[in-house]
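Start at 1 and go down the list; that is how both ligands and their atoms are numbered.
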Amino acid sequence: MLRPQDTATRERKNLDGIWSFRLDSDSAGRSARWHDGPLPGARDMAVPASINDVLADAAARDHIGDIWYQRTVRIPRGWTGQRVALHFESATHRATVWVDDHEVVSHEGGYTPFEADITEHVTAGEEIRVTALVNNTLSFQSIPPGVIEQTPGGPVQRYWHDFFNYAGLHRSVWLSATPQARIEDITVVTDFSGTTGSVFWTVEAAGGDGLDVQVVLRDAEGDEVATGTGASGSLSVPDVHLWAPGDGYLYDLEVRLVDDHGEVHDSVHQSVGVRTVEVRGTEFLVNREPFYFRGFGMHEDHSVIGKAHSNAHLVNDFALLDWIGANSFRTSHYPYSEDVLDYADRHGIVVIDETAAVGLNMGLGGGIFGGQGYTTFSPDTINGTSREVHAQAIRELVARDKNHPSVVLWSIANEPESDTEAAEDYFRPLFDVAREADPTRPVGFVNVMLAPHGKCRVSQFADVLMLNRYYGWYVNTGDLAGAEIAWTEELGGWASEGKPIVITEYGADTLAGNHSLTPQPWSEEYQVDYLDMNHRVFDSVDAVVGEQVWNFADFATTSGIMRVDGNKKGVFTRDRRPKSAAFALRRRWRQEG
Ligand code: GCB
């Protein structure tokens, strides 16, 4: 599936704005067929937005269950004869969609796109009613998992991940018109030798019998550099300008469906960054040169809009990444908006791309976030069905993001239980799924402190070791000297594995404005000292090829005794003001003063 685009043969119409909206905890709307007419009892909701913080309403903040959205839209007059699709960039965590009273699509998973061919239900120039029934419940068979517990006060949604369960239509909704004979998918893989680049393409088309595929590669100035024909092939790029960290140079690949008379039936554009990624021994190579990740685990998280995409915040966050000298981030803990990845491509920022498989660890989250008493992998909890949902999440992530040069490494899960036979059995086939979906990029998962070196049974499958460690915070709290010794020892063990290591999380909760003469946890000074200690440890181990601080900014979490108004491990506050650690990191990462 291609993202909707405006091209010589395609058009799209954005459906963002104010939609009718209604909460439906009892799932009354389905049997009452609310989609058959104007949504009864509707209020307003912005799209894109998480529903939770937009309204001054605890029921919305804490809602569990169905969420109805509706709006009408006129199909543009000129769309007669076109294939018309309704495209959702995401609906968290699942949705069913109707056009008028026709059910057109359902989708599971809150962070990847889906669409429905609605051609048969629309007439150019006429209005349709679009109704989306979004559902935000988490279960043992959802990614991420959760469970609804019945309490005397009513149902409570528990989950084992440390960020607020924001839900809704977080990203844009589109109508799109494509020709009936159309390009359905493009896959691009790149390589280079000396100064010559290679672009391998594969195109899937539909309804295009008798039509030929033509491809044209243009450089950033718009000059044609290579052309080819056929459903797959390779292009040679003389004097190639590589995509590289810090240099987001992009070519444009135009793919056309053309008939014998040279008439273009469909035309789409795919940006292409020519670069290679590979793991060699303990090195992570981009364009055959060692790369060191500097940056953060991030979140899509802002006040009011929650997890919604916003271009102003996107540009601001990347400006801060640039200011601080970061060259990379991880999409912790779910696939981010495609706009984020496009922007990373254009700005030469390297991305570790993660599925929403977070919290598959009831031992860990049980202690911290509540909801104790579950076994992670069992027929009644995370089971074969969950694994199939997880596999599908991996496939959809790769399908969506495979052509982004910024994406250099897949993370198929964050901090799952990984020290048991059940975990080994669960994950072995998922690594195969990822490698089958994308044979060109390394695959890993993020290891938790509870499964240290020697105990983890899943790291054997990973190309890169990604470690989250909190020595000096969750253990050796306030004791940085002891933390340094323990951390150095454990890291030495991992280094003996002969694989590159990225420290994907290290961080200390810090209340902005809380200062201390002596290094006290929660103070800005302690965060700085904590990071310094970690950096001494990393700098002493050659196999460490990256450091990504947890977190870029403070973020919202579920409420509980471990969190005061959210997680405060940000180097920036939630509204992006720097803590002292921001200046310290800037000095290290930009090597200034
Ligand atoms: C972790 C998790 C992350 C949490 C973080 C913390 O290991 O991966 O989601 O927010 O720790 O601050 O506890």
Side-chain angles (χ1 to χ4, degrees), residues 111 138 143-146 158-166 295-301 307 329-336 352-371 376 411-419 444-452 456 458-459 462 465-477 483 487 490 501-512 521-522 526-527 530-531 534 546-574 579 581:
Y111 305 94
L138 299 173
I143 294 292
R158 302 253 181 241
Y159 43 88
W160 295 271
H161 55 268
D162 182 33
F163 55 92
F164 189 76
N165 185 32
Y166 282 117
F296 299 95
M298 298 181 75
H299 264 301
E300 291 185 311
D301 177 86
K307 293 218 166 303
F329 63 87
R330 175 170 59 119
T331 70
S332 42
H333 295 304
Y334 37 82
Y336 289 1
I352 301 175
D353 208 359
E354 188 160 275
T355 68
V358 52
L360 285 72
N361 197 331
M362 277 119 228
L364 171 72
I368 298 179
F369 313 119
T376 305
S411 166
I412 65 170
N414 179 72
E415 294 196 345
E417 177 179 305
S418 64
D419 56 348
F445 82 106
V446 173
N447 163 283
V448 65
M449 193 152 185
L450 293 179
C456 182
V458 177
S459 306
L465 301 170
M466 290 185 268
L467 307 180
N468 291 353
R469 288 300 180 273
Y470 288 91
Y471 289 98
W473 187 253
Y474 289 122
V475 295
N476 305 97
T477 315
W487 193 187
E490 197 206 337
I501 301 170
V502 180
I503 311 303
T504 34
E505 286 183 27
Y506 60 113
D509 280 280
T510 304
L511 188 63
W522 292 93
Y526 187 79
Q527 190 181 31
Y530 168 95
L531 295 177
N534 272 274
E547 55 196 52
Q548 293 188 329
V549 177
W550 191 256
N551 187 283
F552 174 69
D554 294 346
F555 58 91
T557 64
T558 186
S559 44
I561 53 170
M562 293 288 289
R563 300 284 178 253
V564 185
D565 188 33
N567 187 308
K568 294 283 186 279
K569 294 192 185 70
V571 164
F572 296 93
T573 61
R574 198 179 190 210
K579 300 180 189 172

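Shown in contact with Tyr474 at under 4.0 Å from a heavy atom are these atoms of ligand 1, numbered in order with element: 6 (C), 12 (O), 13 (O). Atoms of ligand 1 lying under 4.0 Å from at least one heavy atom of Asn468, given by number and element, are 7 (O), 8 (O). Those atoms of ligand 1 with a heavy atom of Arg563 less than 4.0 angstrom away are 6 (C), 12 (O), 13 (O). Atoms of ligand 1 lying under 4.0 Å from at least one heavy atom of Lys569, given by number and element, are 6 (C), 12 (O), 13 (O).
Aromatic ring pairs are classed by plane angle as parallel below 30°, tilted from 30° to 60° and perpendicular above 60°; the pair Tyr336 and Phe329 is parallel.
Pairing each heavy atom of Leu450 with each of Asp419, the nearest pair is O-OD2, 3.8 Å.
In Phe163, neither the side chain nor the backbone holds a heavy atom less than 4.0 Å from any atom of ligand 1. If you look at Asn414 next to ligand 1, the close heavy atoms, those under 4.0 Å, all belong to the side chain. Looking at Asn567 against ligand 1, only its side chain comes within 4.0 Å, counting heavy atoms. Of the heavy atoms in Phe555, only side-chain atoms (C-beta onward) come closer than 4.0 Å to ligand 1. If you look at His333 next to ligand 1, the close heavy atoms, those under 4.0 Å, all belong to the side chain.
Scanning Lys568, His299, Glu505 for the heavy atom closest to atom 2 (C) of ligand 1 points to Glu505.
A donor atom on one side chain and an acceptor atom on the other are not found under 3.5 Å apart for Trp160 and Asn361. A donor-acceptor pair shorter than 3.5 Å can be found between the side chains of Asn468 and Glu415.
We find the CG-CG distance between Asn165 and Leu138 to be 4.5 Å, quoted to the nearest 0.5 Å. One distance of note links CZ of Phe296 with CZ of Arg330; it measures 13.0 Å at 0.5 Å rounding.
Just one residue in the list Phe555, Tyr166, Phe164 forms a side-chain contact (heavy atoms from CB on, under 4.5 Å) with Lys307, and that residue is Tyr166.
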